[in-house]
Chemist: 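Sharing a structure, written as structure tokens. Questions coming.
Since we're looking at a predicted model, the values are computed, not measured. One-based numbering, in listed order, for ligands and for the atoms of each.
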Amino acid sequence: MVKAKKFILKEPFDGFPKRSDFELQEEDLPALQDGEYLAEALFLSVDPYMREYMARFPPRSIMVGIQVAKVLESRNKDYTPGELVVLQSGWRTHTISDGKKNDDYKLPPMGDLSPSLGCGSVGMPGMTAYFGFLELCQPKAGETVVVSGAAGAVGSLVGQIAKLKKCKVIGYAGTDAKCEWLKELGFDHAFNYKTTDIAQSLKEAAPEGVDCYFDNVGGMTAVTVMSHMNLFGRIANCGDISSYNDTEVATGPYIFGLMVSKQLRSEGFIVHRWRDSWPKGLMQMIEWIKEGKVKVREHVTQGFEKMPEAFMGMLRGENTGKAVVAAESSYEKYTKLGQTMS
Ligand SMILES: NC(=O)c1ccc[n+]([C@@H]2O[C@H](COP(=O)([O-])OP(=O)(O)OC[C@H]3O[C@@H](n4cnc5c(N)ncnc54)[C@H](OP(=O)(O)O)[C@@H]3O)[C@@H](O)[C@H]2O)c1
């Protein structure tokens with residue numbers, strides 16, 4: 001019998017998550033039925049949306065999340081032991097699946113790239129950057145693009161895709177070290193939003209105005225960038241992480257007049273709207289990474305039991321690049337395969 005470990009959320013989050021919000025449980029998994037397979041987590045993703053999304057579930061629900069897992073046993077003809085799958089099965093070490101869940105899929109062949117990238121650049125965050133930026137911002141060569149949350153999983157890819165589209169790119173991130181890394185990636189300018197006057201930095205770095213804004217953070221950063229946008233600027237509203245841990249709803253300043261006078265187009269999105277096109281996006285990301293045109297970095301926490309710490313660390317900004325947890329069995333085997341570690 002296989003014993004699975006899983007994390008549940010005891011009560012809805014109240015403000016910034018605490019270690020005591022989470023409970024580690026063990027579960028005996030039943031024997032496989034015809035049509036089912038058993039998979040073991042190799043890498044698990046910790047993402048900002050989890051902070052918001054768990055409010056939809058009753059107390060003591062399993063934490064939601066994506067993982068890259070290896071098929072251990074199978075009574076389903078479409079799944080073979082050893083194959084790698086991307087599962088939406090939450091914070092758990094072992095999963096029994098009937099292979100019918102729409103959002104689950106086989107990890108595309110990636111050669112010698114680490115399968116952990118299935119949680120990041122070759123997974124949901126990568127698709128967020130690829131489709132969210134290209135479809136909603138419609139960047140043109142020579143335009144100026146601003147990215148907030150720029151040194152994270154999504155933002156670091158958006159900036160590099162914008163450079164591939166021959167745009168000028170300005171990124172905002174939370175430490176000087178993150179900004180140095182963004183410049184190594186080819187960002188034209190990178191500013192620490194905690195120590196920089198954003199309006200002043202935009203006057204200096206983008207005197208021509210901003211054409212596209214990929215917004216990962218919302219709040220005053222977004223309002224300030226929007227007030228520096230050119231006529232007919234495009235904004236992809238990807239996330240609002242500056243408010244996720246707030247206990248009170250923030251008020252203004254309001255941006256409606258700005259939207260009218262600059263004739264801006266601002267569109268919120270959830271990456272799953274492009275789900276049918278993901279295979280094309282995943283292959284493009286794999287190609288760019290292999291060609292060295294897109295560089296990836298991961299902040300790897302070792303050990304399933306550290307999921308809460310990895311999640312809270314990501315919300316605090318400890319990650320540069322994608323925050324991912326390596327289950328015990330995968331750390332040694334896969335993390336030497338070429339991606340940069342923090
Ligand atoms: N719409 C979609 O379908 C979709 C899909 C994926 C992600 N998202 C959103 O995209 C954004 C980035 O996600 P990600 O997965 O790439 O996460 P990430 O950027 O890798 O990690 C989160 C980062 O947010 C920053 N942060 C934390 N608190 C902040 C605050 N108060 N103000 C500004 N920045 C703050 C931290 O970096 P600093 O050190 O820079 O502060 C932290 O490293 C999130 O808002 C997420 O919800 C949306």
Chemist: Tell me the nearest of G155, A236, P48 to atom 17 (O) of ligand 1, using heavy-atom distances.
Modeler: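 Looking at heavy atoms only, the winner is P48.
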Chemist: Under a 4.0 angstrom heavy-atom cut-off, which atoms of ligand 1 come close to I241?
Modeler: 22 (C), 24 (O), 26 (N), 27 (C), 29 (C), 34 (N), 35 (C), 45 (O)
Chemist: Please state which option from D215, N237, N216 has its nearest heavy atom closest to atom 44 (C) of ligand 1.
Modeler: N216
Chemist: Would you check, one step at a time, whether the test side-chain hydrogen bond (donor to acceptor under 3.5 Å, both in side chains) holds for S148 with Y213?
Modeler: CA-CA 8 Å; S148 56; Y213 175 42; 2.9 Å; yes
Chemist: Please compare N245, L315, V46 and report which has the shortest non-hydrogen distance to atom 28 (N) of ligand 1.
Modeler: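 When every heavy atom of N245, L315, V46 is considered, L315 comes closest to atom 28 (N) of ligand 1.
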Chemist: If you take the nearest heavy atom of each of Y53, F214, Y193, Y172, which one is closest to atom 32 (N) of ligand 1?
Modeler: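 Among Y53, F214, Y193, Y172, the closest heavy atom to atom 32 (N) of ligand 1 belongs to Y193.
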Chemist: Can you pull out the closest protein heavy atom to atom 19 (O) of ligand 1? Residue, atom name and distance to 0.1 Å, please.
Modeler: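 The answer is G152 CA, 3.2 Å.
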Chemist: For ligand 1, which atoms, with element, lie under 4.0 Å from some heavy atom of T128?
Modeler: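 Close to T128: 4 (C), 5 (C), 6 (C).
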Chemist: Can you pull out the closest protein heavy atom to atom 40 (O) of ligand 1? Residue, atom name and distance to 0.1 Å, please.
Modeler: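 Nearest protein contact, heavy atoms only, for atom 40 (O) of ligand 1 is G174 N, 2.8 Å.
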Chemist: So which of S45, S116, S156 actually passes side-chain hydrogen bond (donor to acceptor under 3.5 Å, both in side chains) with K322?
Modeler: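 With K322 as partner, side-chain hydrogen bond (donor to acceptor under 3.5 Å, both in side chains) holds for just one option, S45.
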Chemist: Could you list the atoms of ligand 1 found under 4.0 angstrom from a heavy atom of A153?
Modeler: 15 (O), 16 (O), 18 (P), 19 (O), 20 (O)
Chemist: Heavy-atom contact under 4.0 Å between M124 and ligand 1?
Modeler: yes
Chemist: Check step by step if salt bridge (charged side-chain N to carboxylate O under 4.0 Å, His left out) holds for K5 and E305.
Modeler: CA-CA 9 Å; K5 290 180 188 169; E305 297 188 7; 2.7 Å; yes
Chemist: At a 4.0 Å threshold, what atoms of ligand 1 neighbour a non-hydrogen atom of G321?
Modeler: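 Going through ligand 1 atom by atom, the ones under 4.0 Å from G321 are 20 (O).
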Chemist: Ligand 1 and K178, any nitrogen or oxygen pair closer than 3.5 angstrom?
Modeler: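 Yes, since at least one N or O of K178 sits under 3.5 Å from an N or O of ligand 1.
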Chemist: Flag the pair E135 and R273 as a salt bridge only when some basic side-chain nitrogen lies within less than 4.0 angstrom of an acidic carboxylate oxygen.
Modeler: no
Chemist: Can we say E184 and K295 salt-bridge, meaning some charged N sits less than 4.0 Å from an Asp/Glu carboxylate O?
Modeler: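 No.
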Chemist: Any idea which protein heavy atom is nearest atom 43 (O) of ligand 1, and the distance to it?
Modeler: N319 OD1, 2.6 Å
Chemist: If you take the nearest heavy atom of each of S242, A150, P125, which one is closest to atom 31 (N) of ligand 1?
Modeler: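 Of the listed residues, S242 has the closest heavy atom.
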Chemist: Applying a heavy-atom cut-off of 4.0 Å, say which part of H272 lies close to ligand 1: side chain, backbone, both or neither.
Modeler: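 H272 to ligand 1: no contact under 4.0 Å from either part.
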Chemist: Side chain of T175, backbone of K178: donor and acceptor closer than 3.5 Å?
Modeler: yes
Chemist: For ligand 1, indicate whether the residue D240 contacts it via side chain, backbone, both or neither (heavy-atom separation under 4.0 Å).
Modeler: backbone
Chemist: Of the listed options (Y244, F269, W274), which comes nearest to atom 1 (N) of ligand 1 when hydrogens are ignored and any heavy atom counts?
Modeler: F269
Chemist: Can you tell me how far apart OH (Y172) and CG (L182) are? Round to the nearest 0.5 Å.
Modeler: 12.0 Å
Chemist: So M54 and V64, side-chain contact (heavy atoms from CB on, under 4.5 Å) or not? Walk me through it.
Modeler: CA-CA 7 Å; M54 286 308 293; V64 292; 3.9 Å; yes
Chemist: So, does T196 use its side chain to make a donor-acceptor pair with the main chain of I198 at under 3.5 Å?
Modeler: no
Chemist: Sub-3.5 Å donor-acceptor pair from the side chain of S242 to the main-chain atoms of V217, do we have one?
Modeler: yes
Chemist: Please indicate whether any nitrogen or oxygen in K194 is less than 3.5 Å from any nitrogen or oxygen in ligand 1.
Modeler: no
Chemist: Could you check whether W91 and F311 have their ring centres less than 6.0 Å apart?
Modeler: yes
Chemist: For a side chain to side chain contact (heavy atoms under 4.5 Å, CB included) with M63, tell me which candidate from M307, R92, M50 qualifies.
Modeler: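 Only match with M63 under side chain to side chain contact (heavy atoms under 4.5 Å, CB included): M50.
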Chemist: Which of the atoms of ligand 1 are close to V217, meaning less than 4.0 Å from one of its heavy atoms?
Modeler: 33 (C), 34 (N)
Chemist: Check each atom of ligand 1 against the heavy atoms of M314 and keep those under 4.0 Å away; list them by number with element.
Modeler: 21 (O), 22 (C), 42 (C), 43 (O)
Chemist: Got the closest protein heavy atom to atom 36 (C) of ligand 1, with its distance?
Modeler: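 The answer is G317 CA, 3.5 Å.
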Chemist: Can you check which of G218, C238, G239 brings a heavy atom nearest to atom 48 (C) of ligand 1?
Modeler: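 Minimum heavy-atom distance to atom 48 (C) of ligand 1 goes to C238.
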Chemist: Can you list the ligand 1 atoms lying under 4.0 Å from a non-hydrogen atom of V271?
Modeler: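 Within the 4.0 Å cut-off of V271, ligand 1 contributes 2 (C), 3 (O).
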Chemist: Would you mind finding which of V158, V324, V154 brings a heavy atom closest to atom 7 (C) of ligand 1?
Modeler: V154
Chemist: Report yes if the side chains of C167 and D188 come closer than 4.5 Å at any heavy-atom pair, otherwise no.
Modeler: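 The answer is no, as the side chains (C-beta and beyond) never meet within the 4.5 Å cut-off.
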Chemist: How far does CG of L9 sit from CZ of F22, to the nearest 0.5 angstrom?
Modeler: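 Reported value, rounded in 0.5 Å steps: 6.0 Å.
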